[in-house]
2 protein chains.
Amino acid sequence: MLLDAARQLMLEEGYAAVTSRRVAAKARLKPQLVYYYFRTMDDLFLALLRQNVDHYLEHQRQVLESPQVLQKLWEFHTTETRLVVELTALANHRPAVRAEIAANAERFRSMQAEVLSRVIAAHGIDSKGCPPMALVVLITALSRILAMERDLGVTTGHAETLALVERYTAEFERSASTERVKVASHR
Amino acid sequence: MLLDAARQLMLEEGYAAVTSRRVAAKARLKPQLVYYYFRTMDDLFLALLRQNVDHYLEHQRQVLESPQVLQKLWEFHTTETRLVVELTALANHRPAVRAEIAANAERFRSMQAEVLSRVIAAHGIDSKGCPPMALVVLITALSRILAMERDLGVTTGHAETLALVERYTAEFERSASTERVKVASHR
DNA sequence: GTCTATACTTCGATAGAC
DNA sequence: GTCTATCGAAGTATAGAC
């Protein structure tokens, strides 16, 4: 209940609003319980982070199994960007948070690159001189920034960029699914 | 002096550290002067934002005049990303800040796209089916995310992505400079 | 585990003298 | 413009009873 409250506060009012008093009030509990369960606010932030990582891991597992990997991966990075921004800002001045975020970011990226690499190799997809690892970074960067800007109310150039991305994605998925059918019919 | 102190605090310790007391202390002034000059903390954040916009405008003017526009544009988005992250987080729960950031972001992007559009047309550059506006978004997104991740200590996939970007950029600048010489020799 | 009580610090903001 | 003085609210965190 406390972590849910903390998460909601961070989303709605930013990391600065995540205080023992406000978190407790949102969960209809006494502020002292925050210290009983987490000892310090730093520990609460770490617990919140780890809960999120577990949730994302499960989500990513489904994404990487989908036949439309690129499409799903795009959507994956487009959700909860507000939380990501807050956590990134928090990481800039809470060393424990930074270490936790960095370690997991590397982990998630490696897993994504590995799956894309397998898909590209298995279906002989023409990735146009773009190695799987770069493709992952490209998708992450574009989807994240577009989502962040959309949250802010900035949309200039989004239509043109989305058109470009969709063209590439469609071609990629078409190759993947065509090969997939071929492989299947050979069974 | 107060704005400089505020800026520095935001960079080093995040927006939550930008309080009247701490800003004043850093500037060796009394906290009450913050309220004398800015009335509220919200006004201080807006003043800080506008000072930054002016500074960026001047910087961008130089960037857009450079013969290596793409290269300079990349570096332009790579500076002060920590501040950008803090301001974005701040914008998520300070409506006045959000409006100011959004309006200026659109403005900056339009200016960049216009210049790239002119360069591409003037030198007959092959932008590979990527409209100038999408090219601007691509550069912004990639450079920003790479810089943000580098600040966090995340570097997986950066080498592969940079190689890709540098290849494209080099080809772009080569076309631009070749044509530029041709045009110059016709004078 | 949850409560009351509390210590101490810091916050945004204002009043009024000089 | 800058100072002293001050308000009330909110911050992190602890002690100790139940």
Side-chain angles (χ1 to χ4, degrees), chain A residues 1-52 83 85-101, chain B residues 1-52 83 85-101:
Chain A
M1 273 153 54
L2 287 170
L3 286 179
D4 277 356
R7 182 194 162 75
Q8 214 173 321
L9 267 173
M10 195 177 256
L11 263 167
E12 292 165 0
E13 306 188 49
Y15 69 76
V18 182
T19 68
S20 53
R21 277 172 152 90
R22 298 206 57 188
V23 166
K26 190 147 211 142
R28 293 166 185 277
L29 295 171
K30 305 278 177 176
Q32 295 86 335
L33 287 182
V34 172
Y35 298 103
Y36 175 75
Y37 284 108
F38 301 103
R39 220 186 63 84
T40 66
M41 289 306 289
D42 225 281
D43 289 339
L44 181 143
F45 283 124
L46 282 181
L48 177 61
L49 207 54
R50 284 182 188 133
Q51 198 194 45
N52 260 274
L83 198 66
V85 171
E86 291 294 334
L87 288 173
T88 306
L90 194 64
N92 275 336
H93 54 98
R94 291 229 187 204
V97 173
R98 169 160 56 226
E100 188 75 14
I101 289 187
Chain B
M1 273 151 54
L2 287 170
L3 286 179
D4 276 356
R7 183 193 160 76
Q8 215 174 320
L9 267 172
M10 195 176 257
L11 263 168
E12 293 166 359
E13 308 189 48
Y15 69 76
V18 181
T19 68
S20 54
R21 283 172 153 87
R22 299 204 57 186
V23 167
K26 190 147 211 143
R28 296 165 183 277
L29 295 171
K30 304 277 176 180
Q32 295 88 334
L33 289 181
V34 172
Y35 298 104
Y36 175 74
Y37 285 108
F38 301 104
R39 220 184 65 81
T40 67
M41 289 306 289
D42 224 281
D43 289 339
L44 181 142
F45 282 123
L46 283 180
L48 177 62
L49 207 55
R50 284 182 188 132
Q51 199 195 42
N52 260 275
L83 198 67
V85 170
E86 290 296 332
L87 288 173
T88 306
L90 193 65
N92 276 337
H93 53 99
R94 292 230 187 203
V97 173
R98 170 161 54 228
E100 188 75 13
I101 288 187

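Quick note on labels: first sequence line is chain A, next is B, and so on, each numbered from 1.
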Can you give me the first and the last nucleotide of DNA chain D (5' to 3') that has an atom within less than 4.0 angstrom of a non-hydrogen atom in chain B? D:dG1 to D:dA5

Not counting sequence neighbours, list each pair that qualifies as a ring-ring contact (aromatic ring centres under 6.0 Å, His included) and has a residue in residues 5-41 of chain B. A:Tyr15-B:Tyr15, B:Tyr15-B:His93

By side chain to side chain donor-acceptor pair (under 3.5 Å), B:Gln32 pairs with (sequence neighbours left out) none

Taking only residues two or more places apart in sequence or in another chain, which ones pass salt bridge (Lys or Arg N to Asp or Glu O under 4.0 Å) with [X]?
X: A:Arg98; value: none
X: A:Asp4; value: none
X: B:Arg39; value: none
X: A:Asp43; value: none

Flag the pair A:Leu44 / A:Val18 as yes when at least one side-chain heavy-atom distance between them is below 4.5 Å, and no otherwise. yes

Counting only heavy atoms and a strict 4.0 angstrom limit, can you tell me which residues of residues 1-22 of chain B come near DNA chain D? none

For DNA chain D, what residues of residues 25-40 of chain A have any heavy atom nearer than 4.0 Å? A:Gln32, A:Tyr35, A:Thr40

Tell me, which pairs form a salt bridge (charged side-chain N to carboxylate O under 4.0 Å, His left out) where one or both residues lie in residues 22-35 of chain B, sequence neighbours left out? B:Glu12-B:Lys26, B:Glu13-B:Arg22

List the residues meeting side-chain contact (heavy atoms from CB on, under 4.5 Å) with A:Ala99, not counting sequence neighbours, and say none if there are none. none

Results of side-chain contact (heavy atoms from CB on, under 4.5 Å) for B:Leu11 - residues two or more places apart only: B:Arg82, B:Leu83

